Structures are given as structure tokens and as C-alpha cells.
Amino acid sequence: MPYAACKACTRLSDLQRIAALALALGLGACSSLPQPTEQIDGARAAVSKAEPVVVQDGAAELRVAQYKLARAEQDAKRGDYANARIYAEQAQVDADYARAIAENARVQRAAAEADQSVRRLQDELDRRAK
Amino acid sequence: MTRKAIRHAALAALGVCTLLAAGCTSVPRATNELEAARAVYRSAAANPQVRARAPVELELAERELRDAENLQRADAEPAKVAHFSYLAAQRARIATKTAEMRAAEAAYTMANEQRNRMQLDLGQRGNAQVPASSGQTAR
């Protein structure tokens, strides 16, 4: 009887050992998530590249990017690297999109002005041809 | 094996089965986000201007969309699928805006050249009254 009890005891400890190992592996997987340094740096660079360009067009998109970058930095500080990475990656594309909107608007205006001055010159040429 | 052990094993197996079944049927999927990203990408890719003027940007969008679709197929976390879908949609929007901007740049250059030719033309007619141009407005 004591032998059987002991056998049960070792079997239980085997189970416990397996459980402990699984838990350790699980925790290891969690803590070994890398810090999203590269993603946060990329988001910061994209936001600071957009900030001087965006005045009116793309302003809402830039605000979203700035908010997400702040969230990424907060999450990284708290050790929530998974969410930090997601926010950083989204902040980067949002900032790039804001900049694309602003630059497009600027070039569209310049093209329209150039077009207008061509039309003015054409009128002048037509007037003189008479 | 005792009857008790058999009963325990059966209960455990039943538990595992119900967990698995629940896991399979209730897996939420980020189908909406993925569908939205596909639609944005499709309209960008169907635009000849985007294909001609922003092929690299379009390719980046396509790559993100492929990642999202592969994750969906592999039954990845819905949040992950939604994230890559979002990246794909934004990249497709960036490609569209970039193509619009490049088309406007080309139009601006052409208008400027035309303006210079016309100003020369006006000058050659021996008239000093060239109308004041608005100058080069693009920074």
C-alpha cells in the first residue's frame, strides 16, 4: 500500500512537471516577444516627415497617426509589445497616407495655377493676333 | 483499469471534444476588414493611372493584402488579420494618392513648358508688354 501511494505520488509529480514545463514555455513565448523598436522608430520618422507638410489636407489622418504613435509608445513602456507593434505599424501607414494627401493637394493647386497662367497667355496671344 | 478511471478518461475526452468543437464553430473572423481591404486594393489596381505611376506603392499594398489573406486562411487571430487588412487598405490608398500627385506633377511640368514657350513667343513679337505671369508656384 505505501508503495502504491508512492507510485501515485511520482505520477502526479510527473504531471506537475509537465504542467510546469508547459507554463514556462508559454510564459517564455510571451516574454520573448521582441520590443517593436524598429516599428516605433519607423512610425516616429513617418509622423515627423508628415508634420511639416500637412497643414489642412490630411490633418485628420495625421491626428490619427499621432494618436496611434502615442499609444504604441505607452504600450511599449507597459511591456505590451504585441499591441505596441500594431499601433506603431498603423501609425506609420497613417502618417504616410496623411503626407500623400497633403502633397497631392499641393501639387494639384500648383498644376491648376500653371494651367491658368497658360490660359491667360493664350488669351494675350489671341488678342495680339487680331 | 478501474471503472472509475475509465469514467474519468471518458469525461476528459468529452471535455476536450466540446472545447475543440466550441473553438471551431465560434472562431470569429476578420472577414469585414479583409473584404474592405480587398475592395480598396481592387479599385486601386484597376486604375491604369495607379498601375502606371505608382507601381511600387501598389506592390506594397498587394504584399500586405496577401499577408492578411494568408493569415485568414491559416485561421490566425482575427485581430491580426484585421491589422494586416488595415495596412493593405492604407497602402492602397497611398498608392492612389501618389499616382494622382505624379499625374499632377506631369501636368504642372507641361503647363510650365507651354508657358515658357508662349512667353518667348510674345517676346519675339517685339512687344515688351508680356503679361505678368504668376511665377513658379510649386515649391
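Source: prediction; values computed, not measured. Letters go in sequence order (proteins before strands), and every chain restarts at 1.
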K.L.:
Distance from B/Met101 atom CE to A/Arg99 atom CZ, nearest 0.5 Å?
P.N.:
8.5 Å
K.L.:
Hydrophobic cluster membership, with links at side-chain heavy-atom distances under 4.5 Å among I/L/V/M/F/W/Y: are A/Val64 and A/Leu69 in one?
P.N.:
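No, separate clusters.
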K.L.:
For B/Gln49, I'd like to know if atom CD has over 12 heavy atoms of other residues, nucleotides or ligands within 6.0 Å.
P.N.:
yes
K.L.:
Return the minimal non-hydrogen interatomic distance between B/Leu87 and A/Glu89, and the atom names on each side.
P.N.:
CD2-O, 3.6 Å
K.L.:
Under a 4.5 Å cutoff for heavy-atom pairs, which residue among B/Thr109, B/Thr98, B/Ile94 has the most contacts with chain A?
P.N.:
B/Ile94
K.L.:
Could you tell me the separation between the CG atom of A/Asn104 and the CZ atom of B/Arg102, rounded to the nearest 0.5 Å?
P.N.:
11.0 Å
K.L.:
Please round to the nearest 0.5 Å and tell me the distance separating atom CG of A/Asp96 and atom CZ of B/Arg93.
P.N.:
14.0 Å
K.L.:
Please round to the nearest 0.5 Å and tell me the distance separating atom CD of B/Gln90 and atom CG of A/Asp94.
P.N.:
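So the gap between those two atoms works out to 5.0 Å.
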K.L.:
Of all the heavy-atom pairs spanning A/Ala114 and B/Ala111, show the shortest one and how long it is.
P.N.:
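That closest heavy-atom pairing would be CB-CB, 3.7 Å.
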K.L.:
Going by heavy atoms in the side chains, are B/Thr96 and A/Tyr97 under 4.5 Å from each other?
P.N.:
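Not in contact.
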K.L.:
Counting C-beta onward and ignoring hydrogens, is there a side-chain heavy-atom pair between B/Glu100 and A/Gln108 closer than 4.5 Å?
P.N.:
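Result yes, sub-4.5 Å side-chain heavy-atom pair found.
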K.L.:
Tell me, out of A/Glu103, A/Gln116, A/Gln90, who's got the most heavy-atom pairs with chain B below 4.5 Å.
P.N.:
A/Gln90
K.L.:
Can B/Phe84 be reached from B/Val81 by stepping across I, L, V, M, F, W or Y side chains whose heavy atoms are under 4.5 Å apart?
P.N.:
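Yes, because B/Val81 and B/Phe84 connect within a single hydrophobic cluster, where side-chain heavy atoms sit under 4.5 Å apart.
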K.L.:
Rounded to the nearest 0.5 Å, what separation is found between the CE atom of B/Met118 and the OG atom of A/Ser117?
P.N.:
9.0 Å
K.L.:
If you draw a 6.0 Å radius around CZ in A/Arg85, do more than 12 non-hydrogen atoms from other residues or ligands fall strictly inside?
P.N.:
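Not buried by this count: 12 neighbours or fewer within 6.0 Å.
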K.L.:
Can you hop from B/Leu71 to A/Val93 via hydrophobic side chains spaced under 4.5 Å?
P.N.:
yes
K.L.:
Measuring heavy-atom distances to chain A, does B/Arg91 have an atom under 4.5 Å in its side chain, in its backbone, in both, or in neither?
P.N.:
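The answer is the side chain of B/Arg91.
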K.L.:
What distance do A/Glu124 atom CD and B/Asp121 atom CG have between them, rounded to the nearest 0.5 Å?
P.N.:
11.5 Å
